[in-house]
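What you see is a predicted model; the values in this text were computed from it and never measured.
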Amino acid sequence: MTQTTRTKSRPLPRLWIRPLLRRLDPYVPGEQPKIRGLIKLNTNENPYPPSGRVLAAIKAATDGRLRLYPNPTAQALREKLARLHRCKPENIIVGNGSDELLAMAVRCFVEPASRGVQRVQALVQFFAPSYSLYPVLAQIHGAVANPVPLDPDFALPGLPELKRGKQYNFNAALTFITTPNAPSGRGYRTGQLQEICQAQRGLVVLDEAYVDFADENALSLSLKYPHVLVARTFSKAYSLCFQRVGYLVGHAELISVLDKIRDSYNVNGLGQVAALATLDELAYYRANFRRIIATREQTSSQLSELGFQVLPSQTNFILARPPIDSAKNWLRKLRNRKILVRWFDQPSIRDYLRITVGTPQEAQALVKAVKTELS
Ligand SMILES: *Cc1c(COP(=O)(O)O)cnc(C)c1O
């Protein structure tokens, strides 16, 4: 690679960068600080490592084969996922994390807003608060974001309520529903999701990033309705954030359209190896889900006893409204005690902290820090 000398940075000519991107507010991921001894409860990572066999499979694949391109369609992984979900490989597309697939869905199914394009065709709809990536994806694409407020207790509005309200659009080109929801942690009933899907004329993506920590999942809807896709990821429940593997399940025709715009080698080889090995170790992961759920329930009740208003969670994190001081100050106070949680500067959740469920030891440290602050 040639060395370039960078002189003093001067502003570049404005015409080099699209106006849309000059205006863009990018997605802000949680911090990944390298502070020794920090308890990291801010990005919903799994506190337990991948299974030993998964680590061994990754190590075994790290040899001269790294010079080769990986399988372009993640064929073996799609076959194994198809057996797991009782569908065909044609119903599955694998992505470089599910984030890539959410972006591809916008690019496949939503028109950029422009003259001559009906507003509904350019509409990316989602509930608010939910995953803060969706409005960014809409903005990048030049589409129109339609955030529909959840009920004040973060429940999903019922179908009659959505029909009565002015905001929700049953013809929106694409509707994202995070289920269970983030950052509220609330679970939605499959029956209610089905009602919404049935009434929806545009496409629906059910983003099930946290579903392994929930009581029910809605995967069946993606195999029953041609306009419903379900997004899953190996990141959260399967301790593989680092490897970036996610997938969508849905009608073969939708999947084949997504496949048309997919980067040829979008899923790296070690990620495919890791995900394949993970599917052989489901018992190990299911035991971890149970542990995380037990820690979640215990931490929720301990924080409630300390005056936090804790929302019931179906995920691996808790949304809690701290007592006495503002959530923003609590974020700082806990950080000073080497515990990192997440706070969102958004009207509906400004008073809350989102706390990832860690190991029982990490949860104990959190409760202890809270007690010390309160005493
Ligand atoms: C973490 C997360 C994702 C993205 O997961 P990756 O597979 O790591 O890209 C998608 N949706 C929601 C709601 C998430 O919280």
Side-chain angles (χ1 to χ4, degrees), residues 27 69-111 124 126 131 133-134 136-138 140-141 143 173-179 193 197 200 202-212 217-238 240-280 282:
Y27 177 74
Y69 279 110
N71 183 286
T73 61
Q75 181 67 21
L77 180 55
R78 283 168 48 244
E79 283 170 8
K80 211 162 194 165
L81 286 168
R83 282 196 293 278
L84 178 68
H85 295 313
R86 299 170 204 281
C87 62
K88 299 209 174 82
E90 293 75 32
N91 296 119
I92 295 174
I93 182 168
V94 183
N96 182 30
S98 57
D99 280 351
E100 183 195 27
L101 299 165
L102 304 178
M104 283 165 61
V106 172
R107 286 161 58 207
C108 278
F109 307 124
V110 183
E111 285 291 343
V124 176
F126 48 86
Y131 191 26
L133 180 66
Y134 309 138
V136 180
L137 294 178
I140 291 171
H141 193 59
L174 185 59
T175 300
F176 287 114
I177 306 181
T178 320
T179 172
L193 294 170
C197 288
Q200 196 69 27
L203 293 190
V204 183
V205 171
L206 302 174
D207 184 348
E208 291 197 326
Y210 300 101
V211 82
D212 295 284
N217 72 73
L219 193 104
S220 62
L221 301 184
S222 70
L223 298 170
K224 183 165 178 190
Y225 297 103
H227 66 304
V228 178
L229 292 154
V230 162
R232 295 275 182 97
T233 174
F234 284 87
S235 293
K236 313 286 168 46
Y238 300 93
L240 273 186
C241 290
F242 197 81
Q243 293 280 14
R244 315 297 307 123
V245 188
Y247 59 98
L248 282 176
V249 183
H251 194 283
E253 242 175 270
L254 292 185
I255 297 295
S256 75
V257 171
L258 287 156
D259 208 49
K260 279 189 180 177
I261 68 155
R262 191 178 52 74
D263 283 346
S264 308
Y265 304 105
N266 64 325
V267 188
N268 79 84
L270 294 179
Q272 295 184 35
V273 166
L276 271 167
T278 296
L279 295 178
D280 289 331
L282 292 181

Partner residues of [X] under the side chain to side chain contact (heavy atoms under 4.5 Å, CB included) criterion, sequence neighbours left out:
| X | result |
| --- | --- |
| Val267 | Val94, Val245, Gln272 |
| Arg244 | Asn96, Asp99, Ser235 |
| His251 | Pro226, Glu253, Leu254 |
| Ala277 | Val54, Ala57 |

Over all atoms of both residues, closest heavy-atom pair of [X] and [Y]:
| X | Y | result |
| --- | --- | --- |
| Val228 | Cys197 | CG2-SG, 3.7 Å |
| Val230 | Ala218 | CG2-O, 3.8 Å |
| Val249 | Cys87 | CG1-SG, 4.4 Å |
| Gln200 | Thr175 | NE2-OG1, 3.3 Å |
| Ala105 | Val205 | CB-CG2, 4.4 Å |

Query - Geometric class of the Tyr27/Tyr131 ring pair [parallel <30°, tilted 30-60°, perpendicular >60°] - result: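 Geometry flag for Tyr27 against Tyr131: perpendicular rings.
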Requested in this report: Would you please test Gln243 and Asn268 for side chain to side chain contact (heavy atoms under 4.5 Å, CB included) and show each step?
Outcome: CA-CA 8 Å; Gln243 293 280 14; Asn268 79 84; 4.0 Å; yes
Report task. Please collect all side chain to side chain donor-acceptor pair (under 3.5 Å) contacts where either partner lies in residues 81-92, sequence neighbours excluded, each pair once. Result ->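 For residues 81-92, and leaving out neighbouring residues, the side chain to side chain donor-acceptor pair (under 3.5 Å) pairs sorted by first residue read His85-Tyr247.
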Is the shortest side-chain heavy-atom distance between [X] and [Y] below 4.5 Å?
| X | Y | result |
| --- | --- | --- |
| Met104 | Leu248 | no |
| Val106 | Leu174 | yes |
| Ile261 | Cys108 | yes |
| Leu193 | Val204 | no |

**Report entry** Neighbour count >12 (heavy atoms, 6.0 Å) for atom OH, Tyr265
**Finding:**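 Correct, the count exceeds 12.
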Point-to-point distance, once rounded to the nearest 0.5 Å, from [atom1] of [X] to [atom2] of [Y]:
| X | Y | atom1 | atom2 | value |
| --- | --- | --- | --- | --- |
| Asn266 | Ile93 | CG | CD1 | 6.5 Å |
| Thr73 | Arg262 | OG1 | CZ | 6.5 Å |
| Leu206 | Ile177 | CG | CD1 | 5.5 Å |
| Leu229 | Asp207 | CG | CG | 11.5 Å |
| Thr233 | Leu102 | OG1 | CG | 9.5 Å |

**Report entry** Flag, side chain of His141 to backbone of Ala103, donor-acceptor distance under 3.5 Å
**Finding:**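 It does not hold such a pair.
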Requested in this report: Could you tell me which residues satisfy ring-ring contact (aromatic ring centres under 6.0 Å, His included) with Tyr238, sequence neighbours excluded, listed by chain and number?
Outcome: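 With neighbours one apart ignored, the set is Phe234, Tyr285, Phe289.
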Query - Side-chain H-bond candidate by donor/acceptor type, Tyr134 with Thr178, under 3.5 Å - result: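 On atom types as modelled, these side chains qualify, holding a pair under 3.5 Å.
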Query raised in the report: Is Lys80 salt-bridged to Asp280, going by a charged N under 4.0 Å from an acidic O?
Result: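 Here Lys80 pairs with Asp280 in a salt bridge, since their nearest N and O are under 4.0 Å apart.
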Query raised in the report: Leu279 and Leu81: side chain to side chain contact (heavy atoms under 4.5 Å, CB included), yes or no, with the steps?
Result: CA-CA 8 Å; Leu279 295 178; Leu81 286 168; 3.7 Å; yes
